[in-house]
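Just below is one structure, and these are the notes that go with it.
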Amino acid sequence: MSGGTGSNWLCDNARAGMELEVLPPAGRFTPERLEGDLVLFAGGSGITPLLSILKSVLFAGSGNVTLCYANRDEQSVIFAAELDELRARFAPRLSVVHWLESKRGLPDAAALRELVDHAPATECFACGPEPFMLAARTAMADRGLARDRIHLERFTSLSGNPFAGSDTLPHGDRARTALVEVELEGRTRELCWPQGARLLDVLRAAGLNAPSSCGEGVCAACECRVVAGEVRMVDNRVLEADDLEQGYMLACQAVPVTDVVRISYA
Ligand code: FES
């Protein structure tokens, strides 16, 4: 991928027999349990994470899955043959509804709702272009599904290498520092947190193995909870209002507001 950090590094450096240390899957785009009934909205290549969820439920769980899959035209449908096989094998637990833009134009919330109006739904997942995901969210919210049961997955290209400079001391106003108490991996540590510095940088500089991935506020791999005090996020493109109400925040984007902050990764 042109300009890609991981893909270019792999092409230039990876050799047969090499051992690589990789991060585990991160983020929050996963069903609470595989016994629930899911409604999935996929737009184009947004099918990729949804196909994994769909297969997990069908093979390892007992829930029903309704997939609403929107594409430009018939030739654009990725995994069409695999979905047909899964449908034949798992009917009636799996139903797949296709929407082709070439025949029906772009779907709005009312159209999406009509497609899945009677589908059993304890959770909903959507991945695709932003307007499509927002229409899907409106459709399911109008149907009465609570907002915290509707999950959106955004694909974005990173603007830089998220691991560059990860071990350097964080920038910030060292004359004004907050005190942060961090509970991570069963241990509690107290650290100085310079005003303006991002929490993730502070943790890395202290040698703590805090989870992270994009470093740009889009993946939620660095999600943790503010237990006391207050922080501000420089950017946030993944947490919803109800997440913030519960104290969740992104360590890669958090700077201190109060002099004392307590953070938990538990
Ligand atoms: S590391 Fe991705 S949002 Fe913080």
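We count ligands from 1, going down the list as the structure has it; atoms in each ligand are counted the same way.
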Inset, instruction - Could you tell me whether Ala251 approaches ligand 1 through its side chain, its backbone, both or neither, with non-hydrogen atoms closer than 4.0 Å? - result: neither
Legend entry - Side-chain ion pair, Arg137 and Glu240, N-O less than 4.0 Å: yes
Inset, instruction - Quick one: sort the His98 and Tyr69 rings into parallel, tilted or perpendicular, breaks at 30° and 60°. - result: tilted
Inset, instruction - Take every heavy atom of Val238, measure it against each atom of ligand 1, and state whether any distance is under 4.0 Å. - result: no
Legend entry - Any side-chain donor near an acceptor of the partner, Arg198 and Gln253, under 3.5 Å: yes
Inset, instruction - Classify the contact between Ser213 and ligand 1 as side chain, backbone, both or neither, using a heavy-atom distance cut-off of under 4.0 Å. - result: backbone
Legend entry - Ion pair Glu183/Arg189, N-O distance below 4.0 Å: no
Legend entry - Metal check, atom 4 (Fe) of ligand 1 vs Cys222 N/O/S, cut-off below 2.8 Å: yes
Inset, instruction - Using a strict 4.0 Å cut-off to heavy atoms of Cys252, name the atoms of ligand 1 that fall inside it. - result: 1 (S), 3 (S), 4 (Fe)
Legend entry - Backbone or side-chain N/O/S of Cys219 under 2.8 Å of atom 4 (Fe) of ligand 1: no
Legend entry - Glu82/Arg87 ion pair, N-O < 4.0 Å: no
Legend entry - Phe125 ring center near Phe41 ring center (under 6.0 Å): no
Inset, instruction - Report, in ascending order of atom number, the atoms of ligand 1 lying under 4.0 Å from any heavy atom of Val218. - result: 3 (S)
Inset, instruction - Identify, by atom number and element, the atoms of ligand 1 in contact range of Gly217, meaning under 4.0 Å from any of its heavy atoms. - result: 3 (S)
Inset, instruction - Go through ligand 1 atom by atom and flag the ones less than 4.0 Å from a non-hydrogen atom of Gly215. - result: 1 (S), 2 (Fe)
Inset, instruction - Using a strict cut-off of 4.0 Å, indicate which atoms of ligand 1 neighbour a heavy atom of Cys214. - result: 1 (S), 2 (Fe), 3 (S)
Inset, instruction - Please determine, by modelled atom types, if Arg204 and Ser212 share a side-chain donor-acceptor pair under 3.5 angstrom. - result: yes
